[in-house]
2 protein chains.
Amino acid sequence: MSSRGRPVATSHAEIERVAFRLFAERGFDDVTMADIAAGVGVGRRTLFRYFESKNDIPWGQFDRTLDGFRAILAEMPRELPLHVAVHRAVQRFNEFPPDARPSHRERMRLILETPALQAHSVLRYAAWRAVIAEHVAASLGRSPDDLLPRTVGNVSLALALSAYEGWLADPDADLAVLLDDAMSGLRDYVAGPRA
Amino acid sequence: MSSRGRPVATSHAEIERVAFRLFAERGFDDVTMADIAAGVGVGRRTLFRYFESKNDIPWGQFDRTLDGFRAILAEMPRELPLHVAVHRAVQRFNEFPPDARPSHRERMRLILETPALQAHSVLRYAAWRAVIAEHVAASLGRSPDDLLPRTVGNVSLALALSAYEGWLADPDADLAVLLDDAMSGLRDYVAGPRA
DNA sequence: ATCTTTGTGGCGCTGGGTGCCATTAGTGTG
DNA sequence: CACACTAATGGCACCCAGCGCCACAAAGAT
């Protein structure tokens, strides 16, 4: 495990720290990549080797967390109805230890309230939806490209985003409860007036 | 209604025609605004007065069609269960006369398969979702900011996108049928194994 | 003919993002 | 110690979207 070549001069984590500080101070749009590079003490060109784009900075290591999401889904008891399994997996995926809450909240506020990031995020969501679609497809013995798995992926994202919006609006709200509310609201809605 | 000042030199429609032709020939990303301007025979600067951004060109006059969507929702019979009313309204909103099909298909393919446009589109979808949220809120005597109206908006979009993806994948598919399938799939899904 | 109005479009600039390439700072080998 | 080797760095030039500014063009009104 010997390390050859020039040693790294920075890290994703440090770039994120500097970037989030600047975003908080001046707003996402008013911070340039040059600003962040200067803050980190690194070249602008180097920044683009750590993050594909400015929009990718707030998402950090998201892609790697998807492996955890896959694992959570795989661990769900087989007896559970599929929609319950997916629902609980989404809840667990979005659980954070209390000390990680403030930064997670800050990150999600940035992502969900900055238009440029709202837009960019759909590309990240696609990978998240695919994880669900694959799980649903495997559970049902179908293809992830079939309508139902894709629909469940899309709807799960819809529920999660609805819950997150409510979570950001109310500092005291519990995301798991909001997810429950969104899901039960949806069940009542599609079941019709008196079900 | 006398028209004063210099007469217009182009139109949204002509820009769209030229742009779609170029997009089809070389792909969205490989067409520059300068290319489109040259094709229309107009200055690049002028293009940005007709469309806020390159990403807005494929969407055309979408915002104006939302008034039609509002009207469709308002006309739905009161006796219908809410989810049926919304579902049918979404179907009607996405009905196009046969001769408009090819161009609509091309437009949706561009929007749904070009990453830059997938991303940009969420900003348009927000307005669409808001129309549904407002209708649901009004029907239920709640605020459009409440969880349920927002959730229904998000879920309706999820269903529509699922259906559209299937529609693009299969040239012979009927969008209204795909919307039905997506909705009934969702109902079965949230109802559990034996409902 | 002149004034007013309104669309046009050139110019210059900012900022994200990329390809290219020289440089740097380490490790390993003689 | 000197030499290669390797990998990260970052400067530079460039492309393109988008915007502010402003001069200009083309019409109707007086």
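Just so we're on the same page: letters track the sequence lines, and every chain starts at 1.
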By nearest nucleotide on DNA chain C, pick out whichever of A:Ala34 and B:Thr10 is the more 5' one. B:Thr10
Going by side-chain heavy atoms closer than 4.5 Å, which hydrophobic residues are tied to B:Leu117, directly or by a chain of links? B:Val8, B:Ile15, B:Val18, B:Phe20, B:Leu22, B:Phe23, B:Phe28, B:Val31, B:Met33, B:Ile36, B:Val40, B:Val42, B:Leu47, B:Phe48, B:Tyr50, B:Phe51, B:Ile57, B:Leu110
Whole Å only: how far is the CZ atom of B:Arg4 from the C1' atom of D:dA25? 16 Å
For DNA chain C, determine which residues of residues 14-29 of chain A have any heavy atom closer than 4.0 angstrom to one of its atoms, and list them numerically. none
Pair listing, side chain to side chain donor-acceptor pair (under 3.5 Å) test, anchored in residues 134-146 of chain A, at least two apart: none
Holding to side-chain contact (heavy atoms from CB on, under 4.5 Å), I want the full list of residues that pass it with B:Ala133, two or more places apart in sequence or in another chain. B:Pro149
Just grab all the salt bridge (Lys or Arg N to Asp or Glu O under 4.0 Å) pairs involving residues 93-108 of chain B, residues at least two apart or on different chains. B:Glu16-B:Arg107
Measuring centre to centre across the rings, with the benzene-like ring taken for any Trp, is B:Tyr164 within less than 6.0 Å of B:Trp167? yes
Strictly under 4.0 angstrom, non-hydrogen atoms only: write out the protein contact profile of nucleotides 9-15 of chain C, one letter per nucleotide from the 5' end, B, S or -. BBB---S
Applying salt bridge (Lys or Arg N to Asp or Glu O under 4.0 Å) as the test, list every pair that has at least one member in residues 20-33 of chain B; sequence neighbours left out. B:Arg21-B:Glu25, B:Arg26-B:Asp35
Using a 4.0 Å cut-off on heavy atoms, which residues in residues 113-126 of chain B reach DNA chain C? List them by number, or say none. none
Between D:dT9, C:dG17, C:dT8, spot the one nearest the side chain of A:Ser53, thanks. C:dG17
Between A:Asn154 and A:Thr151, is there a side-chain donor-acceptor contact under 3.5 Å, judged purely by atom types and distance? no
Nearest-angstrom distance from the residue atom CZ of A:Phe48 to P of D:dC14: 18 Å
Write down the distance between CG (A:Leu47) and C1' (C:dG16), rounded to a whole number of angstrom. 12 Å
Interatomic distance where OH belongs to A:Tyr50 and P belongs to C:dG16 [whole Å]: 19 Å
Considering residues at least two apart in sequence or located in another chain, which fulfil the side-chain contact (heavy atoms from CB on, under 4.5 Å) criterion with A:Ser184? none
Set of residues satisfying salt bridge (charged side-chain N to carboxylate O under 4.0 Å, His left out) with respect to B:Asp180, sequence neighbours excluded: none
Selection residues 151-179 of chain A - residue pairs positive for salt bridge (Lys or Arg N to Asp or Glu O under 4.0 Å), sequence neighbours left out: A:Glu165-B:Arg150
Just grab all the side chain to side chain donor-acceptor pair (under 3.5 Å) pairs involving residues 70-80 of chain A, residues at least two apart or on different chains. A:Asp67-A:Arg70
